[in-house]
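Single-structure report; data block below.
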Amino acid sequence: MIKIAIDALGGDNGVDTTVKGSMLAIQEFKDIEIILYGDIDKINPLLTNKERISIVDTKVQVSMGEKDPVKAIRTLKDSSLVMALKAGKDKEVDAVVTAGPTQCVVVGAHLIVKKLPQMSRIALCPIMPNFDGNPRLLLDVGANVELRPEHINELALFASITAECALNIKNPKVGLLNIGSEPGKGREVDKETFILLSQNKNINFYGNVETFDIVDSPVDVMITDGFSGNMVMKTMEGTGKTMAKMLKQEIKSSLGGKIGYLFMRKNLARFAKRMDSKEVGGAMILGIGTPVVKAHGNSNDYAFKNAIKQVRNMVSNDLINKVTALLPSTEDKE
């Protein structure tokens, strides 16, 4: 049985999402057991199904607007997020899912769960929608502002195995985000990283990938430093929201647009679903010793269930052991 800790108080909607999403997951997957960390008085009325679900009571929540993530993680030891992460660190559970504040989750993963001894850095890795309907991984998007070539090389291996274990992608292609597709492009760090990735026999390195290919990507894993990755991700999110507003504006601007919408609304709904990353789960913290998935803060119960599905796949496919078997030992690194 796979044990999954849930930060039941995390996210914009708290228990209304996390508890209902957990019940959906229990119904779909017969090999999981869920431990909800949260306010028992708020959780119990929502639990219409208590099969393979238990509660660890705490009233303390890490606020979604938390300004000092390090202080919050170090001082709010009885919060639902910290307790769930500690259960992951102590191997009381096999994985953790939270919709809590991103930076607090990243800091908590680093300070509590801790990175694998063979890893130099951790990374935040969301699942990105793609034109062909098959999701892609993008990392790092903010855990590190800067990464050295050897750090990116390690994370590329971790992400490659994650693509296989979490998304069932066979022999995933890894691409280095750059300003040109030809070898030799970019900053010195990009050129050095390109060489290391080319020499890494444990990944299927495709080469450089330009950002205009992000939503119609020729690779399954797109990797860069946290500064660049965060800018790419937020540019995509902002562009998507703005285009949706522009489309609504155009539809409402004329009678023809309103009539056309009546014929096109099913197509538009399918389009929105194809581009919705909530369909496949949340962002993963890579590089640590226990799988942690950060669901979207505004997740509904279906999206939160998919985040649980995602982390279940990581555990059932033995992600951590597969990664450690291919990483150099700490002695080799020294």
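The backbone N or O of Leu319 sits nowhere less than 3.5 Å from a side-chain atom of Asn317 that would complete a donor-acceptor pair. In this structure a side-chain-to-backbone donor-acceptor pair under 3.5 Å is missing from Ser299 to Ala295. Of the possible donor and acceptor atoms, one in the side chain of Ser79 sits under 3.5 Å from a partner among the backbone N and O of Leu76. Side-chain N or O atoms of Lys77 include one that pairs as donor or acceptor with a backbone N or O of Arg74 at under 3.5 Å. For Asn208 (side chain) and Glu182 (main-chain N/O), a donor-acceptor pair under 3.5 Å exists by modelled atom type. The backbone N or O of Ala156 lies less than 3.5 Å from no partner atom in the side chain of Ser160, so there is not a single donor-acceptor pair. With Lys201 contributing its side chain and Ser198 its backbone, the two residues share no donor-acceptor pair below 3.5 Å. Judged by distance alone, with hydrogens and angles left aside, the side-chain atoms of Gln61 form no donor-acceptor pair with the main-chain N or O of Ser63 at under 3.5 Å. Looking at Lys234, its side chain never comes within 3.5 Å of a backbone N or O of Met231 through a donor-acceptor pair.
Two residues are said to be in side-chain contact when any heavy atoms from C-beta on lie closer than 4.5 Å; Val323 and Asn321 fail this criterion. Inter-residue side-chain proximity for Asp213 and Pro218 is flagged as met; some heavy-atom pair is nearer than 4.5 Å. Side-chain contact between Thr324 and Gln118 is present, with heavy atoms from C-beta onward closer than 4.5 Å. Contact check for Ile4 versus Ile35: no side-chain heavy atoms found under the 4.5 Å cut-off. You'll find the side chain of Lys173 stays beyond 4.5 Å of the side chain of Val221, heavy atoms only. Within the 4.5 Å cutoff, the side chain of Thr193 has no heavy atoms near those of the Asn153 side chain. In this structure, Leu36 and Val56 have side chains that are not in contact, with every pair of non-hydrogen atoms separated by 4.5 Å or more. Contact of the Asp57 side chain with the Asp39 side chain is registered, since non-hydrogen atoms from C-beta on lie closer than 4.5 Å.
Within 6.0 Å of CD in Glu28 there are more than 12 heavy atoms belonging to other residues, nucleotides or ligands. For CE of Met246, the number of neighbouring non-hydrogen atoms (other residues, nucleotides, ligands) closer than 6.0 Å is 12 at most. The 12-atom threshold is exceeded at NZ of Lys30, counting heavy atoms of other residues, nucleotides or ligands nearer than 6.0 Å. Taking a 6.0 Å sphere around NZ of Lys3, one finds it holds 12 or fewer heavy atoms contributed by other residues, nucleotides or ligands.
Grouping the Ile, Leu, Val, Met, Phe, Trp and Tyr side chains by contacts below 4.5 angstrom, directly or via other members, places Val189 apart from Ile195. The cluster map of Ile, Leu, Val, Met, Phe, Trp and Tyr, joined by side-chain heavy atoms under 4.5 Å apart, puts Val232 and Val106 in the same cluster. Hydrophobic clustering, with ILVMFWY side chains joined whenever heavy atoms are under 4.5 angstrom apart, keeps Leu196 apart from Val174. Hydrophobic clustering (ILVMFWY, side-chain heavy atoms < 4.5 Å, transitive): Val209 and Val215 are in one cluster. Linking Ile, Leu, Val, Met, Phe, Trp and Tyr residues whenever their side-chain heavy atoms come within less than 4.5 Å places Val70 and Leu124 in a single cluster.
Residue Ile152 is tested with Asn144, Ile223, Asp190, Thr224 for a side-chain contact (heavy atoms from CB on, under 4.5 Å); the sole match is Ile223.
In terms of heavy-atom proximity, Ile2 sits nearest to Ser316 at CD1-CB, 3.9 Å. Residues Ile308 and Ala25 come closest through the heavy atom pair CG2-CB, 3.7 Å. Here the shortest heavy-atom pairing between Cys125 and Leu139 reads CB-CB, 3.8 Å. Counting all heavy atoms, side chain and backbone alike, Met64 lies closest to Gly297 at CE-CA, 4.0 Å. When all heavy atoms of Phe304 and Ser22 are compared, the pair lying nearest together is CE2-OG, 4.3 Å. Scanning all heavy atoms of the two residues, the minimum distance from Asn171 to Glu164 falls at N-OE2, 3.7 Å.
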What do the steps show when you test Asp140 against His151 for side chain to side chain contact (heavy atoms under 4.5 Å, CB included), and what is the final call? CA-CA 11 Å; Asp140 178 22; His151 301 155; over 6 Å; no
Between Ser80 and Asp7, is a side chain to side chain donor-acceptor pair (under 3.5 Å) present by the stated rule, with each step listed? CA-CA 5 Å; Ser80 56; Asp7 168 19; 2.5 Å; yes
Stepwise side chain to side chain contact (heavy atoms under 4.5 Å, CB included) test for Met23 and Thr48: CA-CA 8 Å; Met23 288 190 293; Thr48 56; 3.5 Å; yes
Please assess Met284 against Val311 for the test side chain to side chain contact (heavy atoms under 4.5 Å, CB included), listing each intermediate value before the final yes or no. CA-CA 9 Å; Met284 297 165 283; Val311 83; over 6 Å; no
Test log, rule salt bridge (charged side-chain N to carboxylate O under 4.0 Å, His left out), inputs Asp94 and Arg312: CA-CA 9 Å; Asp94 300 300; Arg312 168 195 171 268; over 6 Å; no
For Lys59 and Asp78: C-alpha separation, side-chain torsions, deciding distance, then whether side chain to side chain contact (heavy atoms under 4.5 Å, CB included) applies. CA-CA 8 Å; Lys59 316 295 184 187; Asp78 54 349; over 6 Å; no
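In this structure, Asp301 does not pair ionically with Lys305, as no charged nitrogen and carboxylate oxygen lie closer than 4.0 Å. A salt bridge does not link Arg148 with Asp225: none of the charged nitrogens is closer than 4.0 Å to a carboxylate oxygen. Between Asp16 and Lys42, none of the side-chain N atoms (NZ, or NE/NH1/NH2) sits under 4.0 Å from a carboxylate O, so this pair counts as no salt bridge.
Using a 3.5 Å distance cut-off with no hydrogens or angles, the side chains of Asn313 and Lys309 do not pair a donor with an acceptor. Side-chain contact check for Thr290 and Lys89: no donor-acceptor pair (N or O, by modelled atom type) lies under 3.5 Å. With 3.5 Å as the limit, one finds no donor-acceptor pair spanning the side chains of Asn298 and Asp12.
In this structure, OG1 on Thr17 lies 10.5 Å from CG on Leu46, to the nearest 0.5 angstrom. The distance from the CD1 atom of Ile214 to the CZ atom of Arg136 is 10.5 Å, given to the nearest 0.5 Å. The line from CG of Leu116 to CG of Leu327 is 7.0 Å long, rounded to the nearest 0.5 Å. Note that CD1 of Ile320 and CD1 of Ile288 are 7.0 Å apart. Values are rounded to the nearest 0.5 Å. To the nearest 0.5 Å, the span separating NZ on Lys86 from CD1 on Ile73 amounts to 13.5 Å. Once rounded to the nearest 0.5 Å, the distance linking CD of Glu51 with CD1 of Ile26 reads 7.0 Å.
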